[in-house]
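To keep things clear, I will list the structure first and then write my remarks on it.
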There are 2 protein chains.
Amino acid sequence: MTDKRDNANSGTGPVTQADVARFANVSTATVSRVLNGSSLVRPKVRETVEQAIAQLGYVPNEGARALARRRSNTLGAIIPTLNNAMFAAGMNAFEEEARQNGYGLFISVSNYDAAQESFLIRQMIERGVEGLLLVGNTRMDEARDLLQQSAMRHVCAWAYDPAAGAPNVGFDNAKAMYDLVDHVVDCGYRKIAMLAAMQAGNDRAQQRVQGVRARLAHHGLKLHAFAETRYSVQWAKKAVVRILSSGADAIICGNDVIAYGVLSSVKAKALTVPRDIAVVGFDDLPLSADLDPALTTVRVPAHQMGQRAALELLNAIEEDRDVRGYQLETHLVIRDSTMQL
Amino acid sequence: MTDKRDNANSGTGPVTQADVARFANVSTATVSRVLNGSSLVRPKVRETVEQAIAQLGYVPNEGARALARRRSNTLGAIIPTLNNAMFAAGMNAFEEEARQNGYGLFISVSNYDAAQESFLIRQMIERGVEGLLLVGNTRMDEARDLLQQSAMRHVCAWAYDPAAGAPNVGFDNAKAMYDLVDHVVDCGYRKIAMLAAMQAGNDRAQQRVQGVRARLAHHGLKLHAFAETRYSVQWAKKAVVRILSSGADAIICGNDVIAYGVLSSVKAKALTVPRDIAVVGFDDLPLSADLDPALTTVRVPAHQMGQRAALELLNAIEEDRDVRGYQLETHLVIRDSTMQL
DNA sequence: GTGAAAGCGCTAACAC
DNA sequence: GTGTTAGCGCTTTCAC
């Protein structure tokens, strides 16, 4: 590396475009042009400027650029938490897709708190993000107003509800459960219970419960037992106790993590899965295939969802139009925690 | 909600401070003052302005504010991936701490690619983040130069090496392994092997290997077998085969996910843990306590690390000084995958 | 207390 | 092709 803080810019603070212009003996407009790859710059001049930039170690100020262009080249994302492999995986893909298209990512977690989400939406607007990823379709009116008044382009991921009125990029949580219920019923289980994730303010959890109930009804059945639990193996272990004593012969879990807890409790009770009781999850975390027994579950395309969400946002921005939704498919993965009775 | 797009701001684009000023019949300076809670504004005037703001549905432009104040109120983070529960948990805590202090978070993933990390560091500087979280101490000279020339405040998390020359917020990966090795040796295992995470460009993985080797030497032992594997249960299952056929009686894994794969392969070989062979992990993922057998591992304070990293950055910014490091402690968690022989 | 004016670092017309 | 001139929307002296 060469030494920084050469001549020019004798003052304090970072090197600016003006410093470069002075040093290269051109106008700031020209510097700006080479920076933005304008073709109307003589090669000779371009080179001079580039040298000046290297010499001075100039780093453009993207904030100022954003202000002048009125484009931030930034996407935002507000998710409930990063402590959930599905959201984390989705965000990883979202960020990669955004970056590959020259966009940065501003991220916030709402802790499943609608008021907090509204607050964060406002901040995202203040920060000038050009597109926003939100999770689910349940939110405060205030949030909707904010989104609408600012004409903020956004996608609501992890759900797909044509009636939602917001562009969804995700899958139909209720419908995904149909496949699972059909499978369990086909296997011959009849005393089917469910241990769901907390439904309050979480439309994905609600939809899954509703999907199970609806499909069960379609088969002329109803939930043998029902309970909710927080998102953790430990909580699930406790929460399933009551269901177990109800004599259920199958337990549909709101997600894989809950299923892990259920599996653990079931084993502790000396019941064998899937002979005595079936256990199914939702998400298909990487680990689920390696459990003993391997978990029958629903594969959720988290990576694809994050990527798609970014793409929909980016295309809408690019083409200066409204965001379109995109429906993703889930896929039933039959493994060893269910069996043909 | 009241109707937006009232009178004033007849033009296009969002409502600006100037619109509010015009509407409230004051200067933009005054609007700015009420926005920033300046005490030198008459209550009466303040109220008028606040009403105008509400009326017009004005949302401040944080970008412009940042330009004028030369403070972005934004922190940045560049991590290898979000597809790792430890990083995700750390980022969750980092974001929360940042937000609680009025800072937003700009995030990027480098995919364990040093060149990519350098590129991203540059972007973070361009975006004007006031502090940056990086992972580990291994990076390109180019990255160091960038950091130094821009005088970017930063912390290198997930490691603690007093000799690193960069402010670390984390723990000593090598030393953490000492405890684990001591425990395994104390138990009576002697043919100790290691299945590490990929070391290339990953100083945390390297340190763990080195820690194991050093402590083994201290006990007059050496690695019975050694292999590396990618971060996934599946890869670990395959990678451990060779180690298993070496006749090792204990396997130290680079992290918990690897241990999961090892546990799975060991069982498939009809060996019983911990009687025939011990298996230990590193991280203490939430699931590790619920495995069968429950995994002996090292608890890594990911949440605390993220929070601390944010705090150190924030304090340094606040007090306008260099970032200080902070050493966190790991904790050996003895469970059922090791036993006194 | 409040307003006028001068920027923050950049881009985008518009001249030349 | 290149320079000049206005801003982008905000904060911040500095007068009054």
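In what follows, every chain begins at residue 1, and chains take the letters A, B, ... in the order their sequences are listed.
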Checklist line | Contact state string [nucleotides 8-16 of chain D, B base, S sugar-phosphate only, - no protein heavy atom under 4.0 Å] | finding: BBBBBB---
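Distance, B/R46 CZ to C/dT2 C1': 13 Å, rounded to whole Å. Across the protein-nucleic acid pair, B/E47 atom CD and C/dG1 atom P stand 17 Å apart, rounded to whole Å. Rounded to whole Å, the distance from CG on A/L56 to C1' on C/dG9 is 15 Å. In this structure, the CG atom of A/L40 is 14 Å from the C1' atom of C/dT11, given to the nearest Å. One interatomic measurement links the two molecules: CD of B/E126 to P of C/dC8, which rounds to 20 Å at whole-angstrom precision.
In this structure, B/Y160 has no ring pair (Phe, Tyr, Trp, His ring centres under 6.0 Å) partners at least two apart in sequence or on a different chain. Partners of A/T138 according to the side chain to side chain donor-acceptor pair (under 3.5 Å) rule, which considers only residues two or more places apart in sequence or in another chain, do not exist here.
No donor-acceptor pair closer than 3.5 Å links the side chain of B/D113 to the backbone N or O of B/S110.
Residues A/E318 and A/N101 bring no donor and acceptor atom of their side chains to less than 3.5 Å of each other. Using a 3.5 Å distance cut-off with no hydrogens or angles, the side chains of B/N36 and B/R65 do pair a donor with an acceptor.
A salt bridge does not link A/R153 to A/E130: none of the charged nitrogens lies less than 4.0 Å from a carboxylate oxygen.
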